[in-house]
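For clarity, every value in this text was computed on a predicted model and none was experimentally measured. Chain letters run A, B, ... following the sequence lines, proteins first and then strands; every chain starts at 1.
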Amino acid sequence: MPKTLIIILGPTGIGKTSLALQVAKHYSTEIISCDSRQIYREMRIGTAVPDQETLSQVKHHFIQTHSIHDYYNASKYELEVLQTLASLFETHEVAVMAGGSMMYIDAVCKGIDDLPDVDPEIRSSLIARINTEGIESLRMELRYLDPVYYSEVDLRNPKRILHALEICIMTGKPYSSFRTRRIKTRDFDIVKVGLNTERSILYSRIDQRVEEMFREGLAEEAKELYPFRNLNSLNTVGYKELFDFFEEKTSLEEAKEKIKTNSHKYARKQLTWFSGDSSINWFSPGMEREILKFLDEQLCVQD
RNA sequence: GGUGCCAUAGCUCAGUUGGUAGAGCAACGGACUGAAAAUCCGUGUGUCCCUGGUUCAAUUCCAGGUGGCACCA
């Protein structure tokens, strides 16, 4: 009998945390967080880490388990989650995953290609080259080393070019030769529950949550992390806008407004991604009863 | 009460020597397999305050009204 992973997803601020808690309690199981920022232990307020009350009721995995100084990515997450699930499924029929990090969700559901970890020295030397010679220099090298990917990639997106070139240089083989894009099969079933609501309601929930974060001391938390502002992990909504305030590029009020609108944009981007996933079963916040009923039926059908 | 200035996109404002209009932000849409809360690409959504007048044609000029701001009483 296959085990089941229930995935609760949706845009930021929609209420995934509290739904996940209810679902996990309903099935007496544990929660795997799927959030590329809550994973860092140094950040709490701006990433909306669940409160102690919530964390004490159900065991959560991948919450504040890594450091902002660690190199982390979707592939590492895939690997670590599969290990966690394997041991969780030894004692549970069901596991709950909750979060909005689109690529991390897909990494767990479909897997991603095997690639070597990026060598930080190669990365920094290529970034230095972009700064001195411009992105065109890397484009030309990619065209030479991997003409296949060069013809597919968005040439205006520096990160794509950078990463492809990193892999070419590190392995001596074209990046495209690793891009099998094969969908990995899992030995557990997956049921996806999406939460979404009217846009104006979503935005006002987000805005209220930002106000709450400031009351809890977001500005102070960001101030402590300011020395690490150049780390990728701190290229994060809620922090980068406050770094601009600390550098006197904006007022505090402007930074707060920017956090709100950037969160709106992030929510939209999440919804764009999810709209391409036909396996998601959509519900509105407040439909906990219907969702639990739906899940019970799904688990029955799959047994 | 008087005088002056202003009224254009959701907001802040350009602009049209008269031929129905554009920037920034917001909003909206899309791409995306190792930095993904990242990165990249695309879209103007409008009774140009109202009512008359002049004119082939008024958002633009004129008059009156309404609202706002400033100053003088």
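- Across the interface with RNA chain B, nearest-nucleotide mapping of Asn157(A) and Asp113(A) shows Asp113(A) to be the residue nearer the 5′ end.
- In the model, Ser279(A) has a side-chain atom that pairs as donor or acceptor with a side-chain atom of Asp277(A) under 3.5 Å.
- Within 4.0 Å (heavy atoms only), Ser263(A) reaches no atom of the nucleic acid at all.
- At whole-Å resolution of the value, CZ in Arg160(A) and C1' in G34(B) are 11 Å apart.
- When heavy atoms are screened at a 4.0 angstrom cut-off, Thr236(A) is found touching base atoms of the nucleic acid.
- For C6(B) and C48(B), the C1' atoms lie 14 Å apart once the distance is rounded to whole Å.
- As rounded to whole Å, 14 Å separates atom C1' of U12(B) from atom CD of Glu257(A).
- At a threshold of 4.0 angstrom between heavy atoms, the contacts of Tyr72(A) are confined to the sugar-phosphate backbone, with no base atom among them.
- Here Thr272(A) reaches the OP1 or OP2 of G30(B): one of its side-chain N or O atoms lies under 4.0 Å away.
- Counted by atom type alone, Asp51(A) and Thr54(A) present one or more donor-acceptor pairs between their side chains at under 3.5 Å.
- Across the P atoms, U8(B) and C69(B) are found 15 Å apart, a figure rounded to whole Å.
- Within the 4.0 angstrom heavy-atom criterion, base atoms lie near Asp35(A).
- Residue Tyr71(A) places no side-chain N or O under 4.0 Å from the OP1 or OP2 atom of G34(B).
- Rounded to whole Å, the separation between the P atoms of G22(B) and G15(B) comes to 15 Å.
- Nucleotides A57(B) and U17(B) are separated by 16 Å at their C1' atoms, to the nearest Å.
- Taking a 6.0 Å sphere around NZ of Lys173(A), one finds it holds 12 or fewer heavy atoms contributed by other residues, nucleotides or ligands.
- Checking the phosphate oxygens (OP1, OP2) of A26(B), a side-chain nitrogen or oxygen of Lys258(A) falls inside 4.0 Å.
- Of the N and O atoms on the side chains of Tyr72(A) and Glu80(A), at least one donor lies less than 3.5 Å from an acceptor on the other residue.
- Not one side-chain nitrogen or oxygen of Asn73(A) sits closer than 4.0 Å to the OP1 or OP2 atom of U33(B).
- For His264(A) and A27(B), the shortest distance from a side-chain N or O to OP1 or OP2 is below 4.0 Å.
- Under the Watson-Crick and G-U wobble criteria, each requiring two contacts below 3.5 Å, nucleotide C40(B) is paired to G30(B).
- Atom-to-atom, OH of Tyr40(A) to P of A36(B) comes out at 6 Å; the value is rounded to the nearest Å.
- Residue contacts shown for Pro158(A) are limited to sugar-phosphate atoms, with no base heavy atom under 4.0 Å away.
- When Watson-Crick and G-U wobble pairs are counted only if both distances are under 3.5 Å, C61(B) pairs with G53(B).
- Computed from coordinates, the Ile112(A) CD1 to A36(B) P distance equals 11 Å when rounded to whole Å.
- For U33(B), the OP1/OP2 oxygens have a side-chain nitrogen or oxygen of Arg181(A) closer than 4.0 Å.
- Using modelled atom types, one finds no donor on one side chain facing an acceptor on the other under 3.5 Å when comparing His60(A) with Glu30(A).
- Look at CD on Glu78(A): it is 10 Å from C1' on U33(B), rounded to the nearest Å.
- As judged by a 4.0 angstrom heavy-atom cut-off over every strand, Leu231(A) is placed among residues making no nucleic acid contact.
- Listed nucleotides: G34(B), C32(B), A26(B). Nearest to the side chain of Val118(A): G34(B).
- When the P atom is compared between U3(B) and G64(B), the two are found 10 Å apart, to the nearest whole Å.
- Straight-line distance between the C1' atoms of U33(B) and C28(B): roughly 27 Å, to the nearest whole Å.
- Put simply, Tyr104(A) has no side-chain N or O that comes within less than 4.0 Å of OP1 or OP2 on C32(B).
- For G34(B), the OP1/OP2 oxygens have a side-chain nitrogen or oxygen of Tyr175(A) closer than 4.0 Å.
- Gly111(A) comes within contact range of no nucleotide atom at all, as no heavy-atom separation falls under 4.0 Å.
- The partner of G1(B), taking Watson-Crick or G-U wobble pairs whose two distances both stay under 3.5 Å, is C72(B).
- Side-chain N/O atoms of Asn235(A) include one lying less than 4.0 angstrom from OP1 or OP2 on U39(B).
- What separates CE of Met170(A) from C1' of G34(B) is a distance of 10 Å, to the nearest Å.
- Asp70(A) comes within 4.0 angstrom of no nucleic acid atom, judged by non-hydrogen atoms across all strands.
- Distance check on atom P: U60(B) versus A7(B) gives 12 Å, rounded to whole Å.
- Nucleotides C49(B) and A58(B) place their C1' atoms 15 Å apart, quoted to the nearest Å.
- Phosphate contact (OP1/OP2 of A27(B), side-chain N/O of Arg268(A), threshold under 4.0 Å): present.
- The phosphate of G29(B) (OP1 or OP2) has no side-chain N or O of Lys269(A) nearer than 4.0 angstrom.
- When Watson-Crick and G-U wobble pairs are counted only if both distances are under 3.5 Å, U47(B) pairs with no nucleotide at all.
- Lys256(A) and Glu211(A) are joined by a salt bridge, as a carboxylate oxygen and a charged side-chain nitrogen come within less than 4.0 angstrom of each other.
- Contact check on Arg37(A) versus Glu42(A) returns no salt bridge, with no Lys/Arg side-chain nitrogen under 4.0 Å from an Asp/Glu carboxylate oxygen.
- The glycosidic torsion of G34(B) lies within 90° of 0, placing the base in the syn range.
- When Watson-Crick and G-U wobble pairs are counted only if both distances are under 3.5 Å, A7(B) pairs with U66(B).
- The residue Tyr149(A) sits apart from the nucleic acid: no heavy atom pair falls under 4.0 Å.
- The side chain of Arg199(A) contributes no N or O atom lying less than 4.0 Å from OP1 or OP2 of A27(B).
- Between the side chains of Thr12(A) and Arg209(A), at least one donor N or O sits under 3.5 Å from an acceptor N or O.
- The distance from atom CE of Met103(A) to atom C1' of C32(B) is 9 Å, rounded to the nearest whole Å.
- Residues Glu212(A) and Arg215(A) are paired through a salt bridge, judged by an N-O separation under 4.0 Å between the basic side chain and the carboxylate.
- Computed from coordinates, the Asp119(A) CG to A35(B) P distance equals 13 Å when rounded to whole Å.
- Base engagement by Ser75(A) is indicated by at least one non-hydrogen atom pair under 4.0 Å involving a base atom.
- Within 4.0 Å of Lys240(A), counting heavy atoms only, lie sugar-phosphate atoms of the nucleic acid but no base atom.
- G22(B): Watson-Crick or G-U partner is C13(B), with both key distances under 3.5 Å.
- A close approach under 4.0 Å does occur between a side-chain nitrogen or oxygen of Arg37(A) and OP1 or OP2 of A36(B).
- Within a 6.0 Å sphere centred on CD of Glu248(A), other residues, nucleotides and ligands contribute 12 heavy atoms or fewer.
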